Amino acid sequence: MALAEAAIRGRLLQWPRVVLFGDSITEFSFQEGGWGASLASRLVRKCDVVNRGFSGYNTRWAKLILPRLIGKSAAAESTVAVTIFFGANDSALKDVNPKQHVPLEEYATNLTSMVHYLKSVGITEDRIILITPPPLQESAWEKECLAKGDRLNRRNATTGEYAQACVRVARDCGSDVLDLWTLMQKDEDFSCYLSDGLHLSMKGNNFLVEQLWSHLEKRLSALPSLLPYWRDVANPEVSLLGG
């Protein structure tokens, strides 16, 4: 059978997708051992995991680009989950890092705006998961700052205020939330979760994907595998083209 004929006979498969939207912790999530790559591995042949992470971005910039990434379309309809993972940059100290800093109240407003936008294009609140920034290990991050000729530009207590605001937004919007800042600090020494005091280590990536999976599993466990297992292909034209 010619490919053109197969294309006519076969029904276009609509692949469900999970969209990961965030800053560098999301952008780096497809590196070796990253939480995004681990999630994609769990969902292979069930849905696509799309990385929309932007290193250094805050919610002020994120709310501007979100409509350019997700619009009202078949892709939005097939989106089974979206994670919104910002705050590590918003919570930068204003007097040291004014470019990335976003005031706490504006941060909350921006998160709310993004949830409302997603709902406006057909992605309901039960498919939206907000993720708080992880805790900051100040001594390790200060070393990174000093190496670049800067001084410490973030504080864990400040990051915690942004995490709490993220939790409140999720509650008010009816969305799910993964409070990474709190969960990671249940261990007395949370530095093992961080590679440089800010970004995730291998253990931190594993921790995040396990916590996130506990939120996603109930949504995604019922998704069927797309196209049959090879041993189940008896008549390819029927099995693979839906004839």
Side-chain angles (χ1 to χ4, degrees), residues 13-31 33-54 57 59 62-63 65-88 108 110-134 163 166-184 200 204-227:
L13 286 171
Q14 187 67 56
W15 222 265
R17 67 176 190 164
V18 174
V19 180
L20 312 179
F21 185 42
D23 52 34
S24 59
I25 303 175
T26 297
E27 182 175 332
F28 300 161
S29 72
F30 270 58
Q31 294 178 347
W35 61 276
S38 297
L39 185 62
S41 179
R42 294 187 185 204
L43 294 171
V44 67
R45 288 188 57 182
K46 289 194 170 187
C47 68
D48 290 333
V49 178
V50 181
N51 188 333
R52 293 293 180 264
F54 300 89
Y57 276 46
T59 57
K63 73 172 185 178
I65 64 170
L66 182 57
R68 301 185 65 188
L69 305 176
I70 301 175
K72 192 171 183 62
S73 64
E77 293 174 8
S78 65
T79 299
V80 291
V82 178
T83 60
I84 301 178
F85 190 3
F86 290 95
N110 292 341
L111 286 179
T112 301
S113 296
M114 287 189 276
V115 172
H116 287 171
Y117 171 75
L118 291 174
K119 291 169 65 175
S120 77
V121 298
I123 299 174
T124 52
E125 61 269 18
D126 60 303
R127 289 185 276 163
I128 301 169
I129 302 173
L130 301 185
I131 306 177
T132 76
C166 180
V167 171
R168 289 194 297 270
V169 168
R171 179 192 62 210
D172 293 343
C173 292
S175 298
D176 205 350
V177 64
L178 173 54
D179 186 358
L180 203 59
W181 189 85
T182 298
L183 289 169
M184 282 187 167
L200 301 180
N205 276 284
N206 291 337
F207 182 88
L208 173 51
V209 77
E210 291 300 330
Q211 295 295 327
L212 181 59
W213 186 247
S214 70
H215 290 259
L216 288 172
E217 187 173 15
K218 59 182 179 290
R219 297 173 173 84
L220 306 183
S221 59
L223 288 176
S225 291
L226 295 168
L227 297 176

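Keep in mind it's a predicted model, so treat the numbers as computed, not measured. Heads up: numbering here begins at 1 and tracks the sequence.
- Smallest separation of non-hydrogen atoms from Ala88 and Ile25: CB-CD1, 4.4 Å.
- Proximity of Ile128 to Ile123: side-chain heavy atoms (C-beta onward) are separated by under 4.5 Å at one or more points.
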Stepwise side chain to side chain contact (heavy atoms under 4.5 Å, CB included) check, Ile129 with Ser175
CA-CA 6 Å; Ile129 302 173; Ser175 298; over 6 Å; no

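- The shortest side-chain heavy-atom distance between Asn51 and Val19 does not fall under the 4.5 Å cut-off.
- With no hydrogens or angles considered, a side-chain donor-acceptor pair links Thr79 and Arg17 at under 3.5 Å.
- Rounding to the nearest 0.5 Å places CZ of Phe21 at 5.5 Å from CG of Leu69.
- At least one donor-acceptor pair closer than 3.5 Å links the side chain of Thr132 to the backbone N or O of Leu180.
- For the atom pair CG (Leu183) and CD (Glu210), the distance works out to 13.0 Å, reported to the nearest 0.5 Å.
- Rounding to the nearest 0.5 angstrom, the gap separating the CE atom in Met114 from the CD1 atom in Ile70 is 11.0 Å.
- For the pair Pro134/Phe207, no side-chain contact is recorded, criterion being any heavy-atom separation below 4.5 Å from C-beta on.
- Here the shortest heavy-atom pairing between Gly87 and Asp23 reads N-OD2, 4.1 Å.
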Side chain to side chain contact (heavy atoms under 4.5 Å, CB included) assessment of Cys173 paired with Thr112
CA-CA 7 Å; Cys173 292; Thr112 301; 4.0 Å; yes

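- Taking CZ of Arg42 as the reference point, atom CG of Leu220 lies at 11.5 Å (rounded to 0.5 Å).
- Inter-residue side-chain proximity for Leu208 and Trp213 is flagged as unmet; no heavy-atom pair is nearer than 4.5 Å.
- For Ser38 (side chain) and Gly34 (main-chain N/O), a donor-acceptor pair under 3.5 Å exists by modelled atom type.
- Panel note: side chain Trp15, backbone Arg45; no donor-acceptor pair is recorded below 3.5 Å.
- Between Leu130 and the choices Val167, Thr83, Ile84, the side-chain contact (heavy atoms from CB on, under 4.5 Å) rule is met once, by Ile84.
- Within the 4.5 Å cutoff, the side chain of Leu43 has no heavy atoms near those of the Leu216 side chain.
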Evaluation steps, side chain to side chain contact (heavy atoms under 4.5 Å, CB included), between Val49 and Phe30:
CA-CA 10 Å; Val49 178; Phe30 270 58; 4.0 Å; yes

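- Of the possible polar contacts, none joining the Asp48 side chain to the Val50 backbone as a donor-acceptor pair under 3.5 Å is found.
- Closest heavy-atom contact between Ala163 and Pro133: CA-CD, 4.1 Å.
- To the nearest 0.5 Å, atoms NE2 (His215) and CD1 (Ile131) are separated by 8.5 Å.
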Does the side chain to side chain contact (heavy atoms under 4.5 Å, CB included) test come out yes or no for Thr26 and Phe86, once each step is laid out?
CA-CA 9 Å; Thr26 297; Phe86 290 95; over 6 Å; no

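- Minimum heavy-atom separation, Gly204 to Met184: O-CE, 4.0 Å.
- Rounding to the nearest 0.5 angstrom, the gap separating the NZ atom in Lys72 from the CG atom in Leu118 is 12.0 Å.
- Evaluation of the ring pair (Phe, Tyr, Trp, His ring centres under 6.0 Å) rule for Tyr57 yields Phe54, Trp61 as partners, not counting sequence neighbours.
- Side chain of Thr182 to main chain of Asp179: no donor-acceptor pair is present (N/O by atom type, distance under 3.5 Å, no hydrogens or angles).
- Side-chain contact between Leu20 and Arg52 is absent, with no heavy-atom pair separated by less than 4.5 Å.
- Pro16 and Leu223 get closest at one heavy-atom pair: CG-CD2, 4.4 Å.
- For residues 111-133, the set of pairs meeting the salt bridge (charged side-chain N to carboxylate O under 4.0 Å, His left out) definition, not counting sequence neighbours, comprises Lys119-Glu125.
- Side-chain contact between Val80 and Lys46 is absent, with no heavy atoms from C-beta onward closer than 4.5 Å.
- Ser29 and Trp35 make their closest contact through CB-NE1, 3.2 Å (heavy atoms, listed as atom of the first residue, atom of the second, distance).
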